[in-house]
Amino acid sequence: MNKVEKKLDVLCLGAAVVDIPLRPVSRDIFDIESYPVEQIAMAVGGDAMNESTIISRLGFKTGLMAAVGDDAAGAFILRSCEKDNIDTEGVTVDPNLNTSINIGLVTADGERTFITNRNGSLWKENIEHVNFDKIKEAKILSLASIFNCPLLDGKTLEKIFKFAKEEGMTITADMIMPRLGETLDDIAGALQYVDYFFPNFDEACLMTGEKEEDKVADKLYSYGIKNVVMKIGKRGCYIRNKDGVMIVPACKGITAIDTIGAGDNFASGFIAALLQGKNLKECGEYANCTAAIAVQHPGATSGVQNREMVEEMLAKYKKDYE
């Protein structure tokens with residue numbers, strides 16, 4: 001069988017949306033006829049969009065696979081991709097869809113809630129929007145968040161991942177909490193193909209029914225995942241594979257001002273480190289440093305602008321742990 005040329009390092013599959021964050025707002029917003037905030041502006045968001053943006057900035061040939069509408073929000077996403085040199089051949093512009101727009105209300109003390117469109121592109125993206133020929137062109141397939149696009153369900157992901165493995169690809173995946181009450185068993189067929197899985201600890205606890213790190217990681221590992229890379233907040237990441245357990249500590253001295261997109265940045269850093277041929281511990285360190293930069297800036301993609309920023313943070317990280 002003739003293998004397709006790997007023109008891309010990574011293909012990020014998942015959601016591409018427009019975010020409109022409003023901050024700061026108070027809980028009595030409806031008691032005021034005209035409510036002023038510091039800024040109202042559109043920003044790109046969504047797990048796959050965030051990952052593709054950061055990985056591209058870190059110097060790798062990155063493609064986005066998502067569905068958007070033939071509308072102003074969709075055009076905004078495509079312009080952002082062009083700005084960050086993201087391949088958009090895998091993006092479906094579907095005239096029957098409305099591009100998902102999320103309105104974020106953030107209080108002065110950091111509490112937040114999101115207003116979302118249940119009929120937007122994130123909810124409607126499905127197997128028909130997946131270009132299997134485009135998947136062949138990448139070395140790594142990143143499913144940016146299992147459960148985020150509900151129609152990319154367990155059976156659909158199993159089909160996609162099986163195909164990617166037949167093409168010799170590495171598969172990475174993140175996860176959010178299920179939107180429709182799905183369980184790990186619902187995605188068991190897909191998880192067996194995953195090489196690197198990036199859940200955060202709180203989500204993993206709820207999904208596994210366990211409360212201790214080792215038991216949570218063991219339960220996830222039992223689904224056939226090659227490497228469970230669990231984000232454990234300020235402690236760093238907990239890695240479980242056939243060789244045992246490793247904890248890679250977080251960066252020291254970081255004051256977080258916005259944790260939105262921290263997980264996407266972590267996954268992006270880890271994938272970028274894989275592409276550089278780093279070992280598992282080094283990948284964890286690189287991921288921690290990428291996330292540490294992100295949380296010090298508002299918004300998911302305003303922090304990491306280039307590889308040099310991560311290398312500088314990594315140098316400090318290594319010095320701190322000498």
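It should be emphasised that the depicted structure is a prediction, and the values quoted were computed from it without experimental measurement.
- Looking at R57, its side chain does come within 3.5 Å of a backbone N or O of V304 through a donor-acceptor pair.
- Using a distance-only test at 3.5 Å, with no hydrogens or angles considered, no donor-acceptor pair links the side chain of S52 to the main chain of L64.
- Counting heavy-atom neighbours within 6.0 Å of K136 NZ, excluding the residue itself, gives a total above 12.
- F198 has its ring centre less than 6.0 Å from the ring centre of F270.
- At a threshold of 4.0 Å, the pair K162-E158 does not count as salt-bridged, since none of the basic side-chain nitrogens sits closer than that to a carboxylate oxygen.
- Checking V229, V248, D214 one by one against Y238, the side-chain contact (heavy atoms from CB on, under 4.5 Å) holds for a single residue, D214.
- The two atoms that bring D70 and P95 nearest to each other are CB-CA, 4.0 Å, heavy atoms only.
- Taking every heavy atom of both residues into account, V228 and A217 meet most closely at CG2-O, 4.1 Å.
- Look at K231 and D174 and you find a salt bridge, because one of the NZ, NE, NH1 or NH2 atoms lies within 4.0 Å of a carboxylate O, short of that distance.
- The minimum heavy-atom distance between P199 and A204, with the atom names listed, is CB-CB, 4.3 Å.
- A side-chain donor-acceptor contact under 3.5 Å links N265 to the backbone of G261.
- One N or O on the side chain of Q296 and one on the backbone of A292 form a donor-acceptor pair closer than 3.5 Å.
- Between K159 and D153, no side-chain nitrogen of the basic residue sits less than 4.0 Å from a carboxylate oxygen of the acidic one, so the salt-bridge criterion is not met.
- Residues M49 and T301 fail the side-chain proximity criterion, which asks for heavy atoms closer than 4.5 Å.
- G269 and L58 get closest at one heavy-atom pair: CA-CD1, 4.3 Å.
- Figure legend: K226 and F197 shown without cation-pi pairing, the cationic atom not lying both under 6.0 angstrom from the six-membered ring centre and within 45 degrees of its axis.
- A 6.0 Å sphere centred on CD of E311 holds more than 12 heavy atoms belonging to other residues, nucleotides or ligands.
- Around CD of E128, the count of heavy atoms belonging to other residues, nucleotides or ligands within 6.0 Å does not exceed 12.
- For the pair E312 and R307, the salt-bridge criterion is not met [side-chain N within less than 4.0 Å of a carboxylate O].
- Salt-bridge annotation for D94 and K124: absent, with no side-chain N of the basic residue lying under 4.0 Å from a carboxylate O of the acidic one.
- Of the candidates N241, T172, D195, N241 is the only one forming a side-chain hydrogen bond (donor to acceptor under 3.5 Å, both in side chains) with N227.
- Exactly one residue among K61, K7, K134 makes a side-chain hydrogen bond (donor to acceptor under 3.5 Å, both in side chains) with D87. That residue is K134.
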